[in-house]
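Remarks on the structure that follows.
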Amino acid sequence: MANDTNRKKKPIKLATKSEHVQRFMPMLEALDAKDDLNPVTKNRVEKACALLDEGVDIYPNDFRRDTYIKDIIETYGEHSGKKLEELDKEFSIAGRVMAWRSFGKATFFQVQDRTGRMQAFAARDDIGADIYKLFKKTDVGDIVGIRGKLFRTKTDELTIAVVEFKLLTKSMRPLPEKYHGLKDVEIRYRQRYVDLIVTPRTKEIFKARTAIVREMRDFLDERGFMEVETPMMQPIPGGATAKPFETHHNALDMKLFMRIAPELYLKRLLVGGFEQVYEINRNFRNEGISTQHNPEFTMLEFYWAYANVYDLMDLTEDMISRIAQKVCGTTVVHYQGHDVDLTPGKWVRMTFHDSLEKIGGVPPEVYTDYEKCKELVKKGGEKVVEGEKLGKLQAKLFDIRVEPKLIQPHFIYHYPTDISPLSRRNEDDPEITDRFELFMVGREMANAFSELNDPVDQRCRFEEQVKEKDAGDEEAHHMDEDYVRALEYGMPPAAGQGVGIDRLVMLLTDSASIREVILFPLLRPEHS
RNA sequence: GGGUCGUUAACUCAGUUGGUAGAGUAUCUGCCUUUUAAGCAGAGAGUCGUUGGUUCGAGCCCAACACGACCCA
């Protein structure tokens, strides 16, 4: 009869006789039920009980630090031992214990706060035998507060000598191995909190991400752009070619879509008279997940009245190079083996057709010929959908033959009108639009165009899209009557652009996967 | 969707031709007042991703599945 489902759990055994153990039973039982109870946690509970028996609070909140570790290192990092002795000043620091080296009657340990890490030292004869005994119940991972004076060890390391020691939070779980660190990327993404504790690079990436977004805001604010927030739940998803997530509002009994882009709302604001607007926020696209794609991702979109696509190229060079300079300290950034030169003036500007010919090796007699194009797309391993327009085939050719080769920054402009339903037509050639995409390291980084503000043309282009939708293209645009109505009031001539923040952060932090730059990337549920 | 690789102790990883499961770190016990991947001596710790198959015998061979990574579409 003994099979797996009937397998009896052994009772949880602990060495401690403390009554305080009752306090931990809900945790222990829950962990045991999930087979997640490891001996370290049991031991931590035993230590916690011993502390509670001595009247020590294991989660107090009455310690106040007065100094960050980085400030101590910056101010006193060069001071000699003698100077530190003369200083005779006490500091209070707080943080997580990251290393522990005990010698019986004296202990070196390392404390990490949000600014850095430093060594601390506690000796039995300095703090007293009773306190030292409790102090020795500290584990790596605990959060502690320390008051003490600075000195230098025999090996000349700046160290804080403990005068007062206080446990602030008892940790119940072991941290990953200290030397190799956390290698399992699944755990790094699922338990980002652990990753942030033990992987310095992770912390650096997200600090850089915040700095990048801050610089972007500063840059745009300086130029008179106004940050706004537009709906993320939309009755008609628009502004991009993508499959949306659907949701439902109960009280209104109404179908809603998570937005795929803020574009149509931001342009309504141009109609309303906000002549320069931007939004930095999440978009949601119901597509596959890869090293380049997360279903929710962050975009900058901005719109600029009385400007055109060429003004945007200049602005983009300035903006991205400035961000790189401020965040990376250089405009030549290293990415996955490439040196990418973001210095303004060095960015290549090339038409879409020229890029097909000069970089993709597709001559005009081929890319202007529907059948030849189709053949070449198929040869490149891409599917051709029945009734697909020439512009779309050209775009596929571009994806296959040109995009991967664009390592240095390239503005590719004059995109086919077929695949640019919101862009203004070029004045000399209605088959192309005043639109560019920005590429580097073989990826699209931004998409921009002079905006279509002719309400009649816009209506016709939506109708074209609706036909494609009816023909089965799930990504085609919907008709948005209200947006057309807004254009009928008159939208000033304008240019607008979207910049993928995640990809920009990848570039500037030399990250190979989008999951490295998103704090909590979407993952499958943990247990099947 | 397709291909390749991976899944072994809490962590990082070995595991030979198919023959009783290994190391380091962490943990526990003892010693240790200047270490810094501290050290020395000892101990405990495993549903080898899951299910099935081949076999006298499977961590290893075969199949399916799950999860993950990378590449391709």
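Chain A is the first sequence line, chain B the second, and so forth, proteins listed ahead of strands; every chain is numbered from 1.
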*Do E157(A) side-chain and rU34(B) base share a donor-acceptor contact under 3.5 Å?*
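In this structure, the two groups form no donor-acceptor pair.
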Look at the side chain of [X] and decide which nucleotide, out of [options], has an atom nearest to it.
| X | options | result |
| --- | --- | --- |
| A123(A) | rG68(B), rU33(B), rU35(B) | rU33(B) |
| P176(A) | rC11(B), rU35(B), rG68(B) | rC11(B) |
| R190(A) | rU34(B), rC11(B), rG68(B) | rG68(B) |
| R524(A) | rU33(B), rU35(B), rC67(B) | rC67(B) |
| F108(A) | rC32(B), rC13(B), rU34(B) | rU34(B) |
| H180(A) | rA69(B), rC32(B), rU12(B) | rU12(B) |
| F121(A) | rU34(B), rG68(B), rU35(B) | rU34(B) |
| E186(A) | rU12(B), rG68(B), rA69(B) | rG68(B) |

Using a heavy-atom cut-off of 4.0 Å across all strands, would you classify [X] as base, sugar-phosphate, or nothing?
| X | answer |
| --- | --- |
| R515(A) | sugar-phosphate |
| T291(A) | sugar-phosphate |
| K183(A) | sugar-phosphate |
| G181(A) | sugar-phosphate |

Base-pairing mate for [N] - Watson-Crick or G-U, with both contacts under 3.5 Å:
| N | result |
| --- | --- |
| rG57(B) | none |
| rG1(B) | rC72(B) |
| rU25(B) | rA10(B) |
| rC40(B) | rG30(B) |
| rA64(B) | rU50(B) |

Rounded to whole angstroms, how far apart are [atom1] on [X] and [atom2] on [N]?
| X | N | atom1 | atom2 | answer |
| --- | --- | --- | --- | --- |
| R152(A) | rU34(B) | CZ | C1' | 14 Å |
| L182(A) | rA69(B) | CG | C1' | 14 Å |
| R101(A) | rC31(B) | CZ | C1' | 19 Å |
| R124(A) | rU34(B) | CZ | P | 14 Å |
| E46(A) | rU29(B) | CD | C1' | 13 Å |
| Q110(A) | rU34(B) | CD | P | 18 Å |
| K105(A) | rG30(B) | NZ | C1' | 13 Å |
| L523(A) | rG68(B) | CG | P | 7 Å |

For the [atom1] atoms, the ones on [N] and on [M], what distance do you get once it is rounded to whole angstrom?
| N | M | atom1 | answer |
| --- | --- | --- | --- |
| rC67(B) | rG30(B) | P | 46 Å |
| rA58(B) | rG19(B) | P | 11 Å |
| rU20(B) | rG57(B) | P | 15 Å |
| rC61(B) | rG22(B) | C1' | 22 Å |
| rA21(B) | rC40(B) | C1' | 27 Å |
| rU27(B) | rC11(B) | C1' | 12 Å |
| rC48(B) | rU55(B) | P | 22 Å |
| rG6(B) | rC13(B) | C1' | 13 Å |

*Is the cationic atom of R435(A) (NZ for Lys, CZ for Arg) positioned less than 6.0 Å from the six-membered ring centroid of Y415(A) and within 45 degrees of its normal?*
yes
*Does a side-chain N-to-carboxylate-O contact under 4.0 Å join R147(A) and D66(A)?*
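So R147(A) does not pair with D66(A) through a salt bridge.
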*Got a salt bridge between D195(A) and R188(A), using NZ or NE/NH1/NH2 to carboxylate O under 4.0 Å?*
yes
Is it true that, when you exclude [X] itself, more than 12 heavy atoms of the residues, nucleotides or ligands shown sit nearer than 6.0 Å to its [atom1]?
| X | atom1 | result |
| --- | --- | --- |
| R282(A) | CZ | no |
| E375(A) | CD | no |
| E19(A) | CD | no |

*How do K136(A) and N38(A) order along RNA chain B: which one's closest nucleotide is nearer the 5' end?*
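The 5'-side residue here is N38(A).
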*asked:* On RNA chain B, compare the nucleotides closest to Q119(A) and S513(A); which residue's is nearer the 5' end?
replied: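 It is Q119(A), whose closest nucleotide lies nearer the 5' terminus.
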*Going from NE2 on H20(A) to CG on L51(A), what distance comes out if it is rounded to the nearest 0.5 angstrom?*
10.5 Å
*Going from NZ on K83(A) to CG on D88(A), what distance comes out if it is rounded to the nearest 0.5 angstrom?*
15.5 Å
_Pair S102(A)-T107(A), side-chain donor/acceptor within less than 3.5 Å_ = yes
Contacts under 3.5 Å, N or O only, protein and nucleotides 25-28 of chain B:
from: rA26(B); atom 1: OP1; to: K178(A); atom 2: NZ; distance (Å): 2.8
from: rU27(B); atom 1: O3'; to: N43(A); atom 2: OD1; distance (Å): 3.4
from: rC28(B); atom 1: OP1; to: N43(A); atom 2: OD1; distance (Å): 3.0
from: rC28(B); atom 1: OP1; to: K47(A); atom 2: NZ; distance (Å): 2.8

_Whether F109(A) and W100(A) hold their rings parallel, tilted or perpendicular, with breakpoints at 30° and 60°_ = tilted
